[in-house]
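Each remark here refers to the structure printed beneath this line.
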Protein chains: 2
Amino acid sequence: MPAVAKTSDREIVAAAKKFVARHGHEALSMQAVADAVEVRAPSLYKRFDGRDAVLRAVQREAFREFGAALEREQGTGSASERIRGLATAYRAFARRHPRLYAAMFAEVEALDDDDLAVRKAAALPLLRALAPLVPETTRLEIARALTAFIHGFVSMELSRSFRLGGEPEPAFERGLAALLHGLQTG
Amino acid sequence: MPAVAKTSDREIVAAAKKFVARHGHEALSMQAVADAVEVRAPSLYKRFDGRDAVLRAVQREAFREFGAALEREQGTGSASERIRGLATAYRAFARRHPRLYAAMFAEVEALDDDDLAVRKAAALPLLRALAPLVPETTRLEIARALTAFIHGFVSMELSRSFRLGGEPEPAFERGLAALLHGLQTG
DNA sequence: ACCTGAACACCGTTCAAGT
DNA sequence: ACCTGAACACCGTTCAAGT
């Protein structure tokens, strides 16, 4: 006699993502998700392999949203203005969803092909914006250097690692300008 | 009747640090530390307020070691060669102690004055190396931009976030060179 | 086919009782 | 003064039993 489904993959991921956005990925528990979708915790194991699988599903959703936010930023202007726009959109996403952004980089046990696909997709807008500016041979290196700077800056900002006074703002502007200038002349 | 002390703050921190270096900070438990120093877990609470306090003590030790490694790098050569040396020493420390490096940035409940002091001390070598190169008014910004790049790069490298093929090495060299060049001309 | 209670092996933490 | 066992409220996860 088939028991009626009280929830779904989609609802579970949405509830988990909402919880992570509010309380952080460290606090994510199967109990909390189960409560939110009104089943008992063991029922979640019919749909997800465990906490790690739920967290990875949240990460996939977050990377999709993040990638979409960057895609939306494909505005007009020069190539280097477009890159600035992407950097700003990147930082804005992280500041708007700080706990979700942190969760995107939480360690998980193993990434499957879907996990890798959404991560790679989020890297494409920057690579496209760099295309008119730098040759294909060095494009990936330059994208990595830019991403390292933006990710590092945003991570330090969100974890309040800038403790020597002053605003972080000018350091972001200066670093970005220096990289854009140096990467073209280098 | 005073009971004999079976352990000490020092021994507990050393055991916890060793555990974190081996298994990562997420796996750190009071039980594991207690086993290592041969007491029962509740005894640890006579010396530390809880898991968070133990983890913060590990972070302090790690930041001290890290700062000392950077101090040691105060070699000869031009200012920008010294900065390159610091960046390389930074990255080398993170690669030599990947789990300890990750643990240094683990979220903890609240930092006390000692926590802040060791973090600030670790930032000084770079600020000193920048002194002959850039005026005091922009030095902190520039240090932050450099640190953001190095930390971001190392974090991505250690979490295997570079998944589009090729070696990370040239991206580090290129980004660092671009920043050093751009920061001086900007 | 999906849901559940009960159970297991863990956590962090508190506290009364020992010496 | 420090250590301990017992206990409490949690975890993640498994599984037999329900419908």
Side-chain angles (χ1 to χ4, degrees), chain A residues 1-20 22-60 99 102-103 106-112 115, chain B residues 1-20 22-60 99 102-103 106-112 115:
Chain A
M1 200 59 114
V4 60
K6 301 176 72 177
T7 185
S8 65
D9 289 24
R10 263 186 57 262
E11 193 194 16
I12 289 168
V13 176
K17 174 165 162 264
K18 185 174 170 182
F19 185 92
V20 167
R22 200 168 293 189
H23 301 103
H25 65 90
E26 312 90 336
L28 180 70
S29 74
M30 297 300 266
Q31 196 53 249
V33 176
D35 287 349
V37 302
E38 295 180 296
V39 297
R40 305 293 163 184
S43 301
L44 300 174
Y45 290 79
K46 283 286 147 181
R47 302 174 192 281
F48 290 88
D49 276 345
R51 199 196 101 112
D52 195 75
V54 173
L55 180 54
R56 269 179 18 244
V58 170
Q59 290 181 325
R60 283 196 300 276
R99 292 181 205 267
E107 286 214 34
V108 290
E109 281 160 27
L111 299 179
D112 63 26
D115 295 324
Chain B
M1 201 60 113
V4 60
K6 302 175 69 176
T7 184
S8 64
D9 289 26
R10 263 185 59 261
E11 193 194 16
I12 290 168
V13 176
K17 173 165 163 266
K18 185 174 170 181
F19 184 93
V20 166
R22 200 167 293 190
H23 301 104
H25 64 91
E26 312 89 337
L28 180 70
S29 73
M30 297 300 267
Q31 197 54 248
V33 176
D35 288 349
V37 302
E38 298 181 294
V39 297
R40 306 292 163 185
S43 301
L44 300 174
Y45 290 79
K46 283 286 146 180
R47 302 173 192 282
F48 290 90
D49 276 345
R51 200 196 100 112
D52 194 75
V54 174
L55 180 54
R56 269 181 14 247
V58 170
Q59 291 182 325
R60 284 196 299 276
R99 292 182 205 266
E107 287 215 33
V108 289
E109 282 160 26
L111 299 179
D112 64 25
D115 296 324

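Letters A, B, ... mirror the listed sequences (proteins, then strands); counts begin at 1.
- For the pair A/Arg60 and A/Asp112, the tightest heavy-atom approach, listed with the atom from each and the gap, is NH1-OD2, 4.3 Å.
- Nearest heavy-atom pair, B/Leu55 versus B/Ala106, reported as atom, atom and distance to 0.1 Å: CD2-CB, 4.3 Å.
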For each nucleotide in nucleotides 5-17 of chain C, reading 5' to 3', give B when a protein heavy atom comes within less than 4.0 Å of its base, S when such contact involves only the sugar-phosphate, and - otherwise. BB----SSBBB--
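- In terms of heavy atoms, B/Ala27 sits closest to B/Phe19 at O-CE2, 3.2 Å.
- Counting only distance, with no hydrogens or angles, the side chain of B/Arg51 and the backbone of B/Leu28 share a donor-acceptor pair below 3.5 Å.
- A 3.5 Å limit on both hydrogen-bonding distances identifies no Watson-Crick or G-U partner for D/dC10.
- Distances shown here put every side-chain N or O of A/Arg47 at or beyond 4.0 Å from the OP1 or OP2 atom of C/dC2.
- Across every non-hydrogen atom of B/Arg47 and B/Ala5, the tightest pair is NH2-CB, 3.7 Å.
- Considering all non-hydrogen atoms of both residues, B/Ala41 and B/Gln31 come closest at CB-NE2, 4.1 Å.
- Rounded to whole Å, the distance from NZ on B/Lys6 to C1' on D/dC3 is 7 Å.
- Pair check for D/dA16 finds C/dT4; Watson-Crick or G-U wobble, both atom distances under 3.5 Å.
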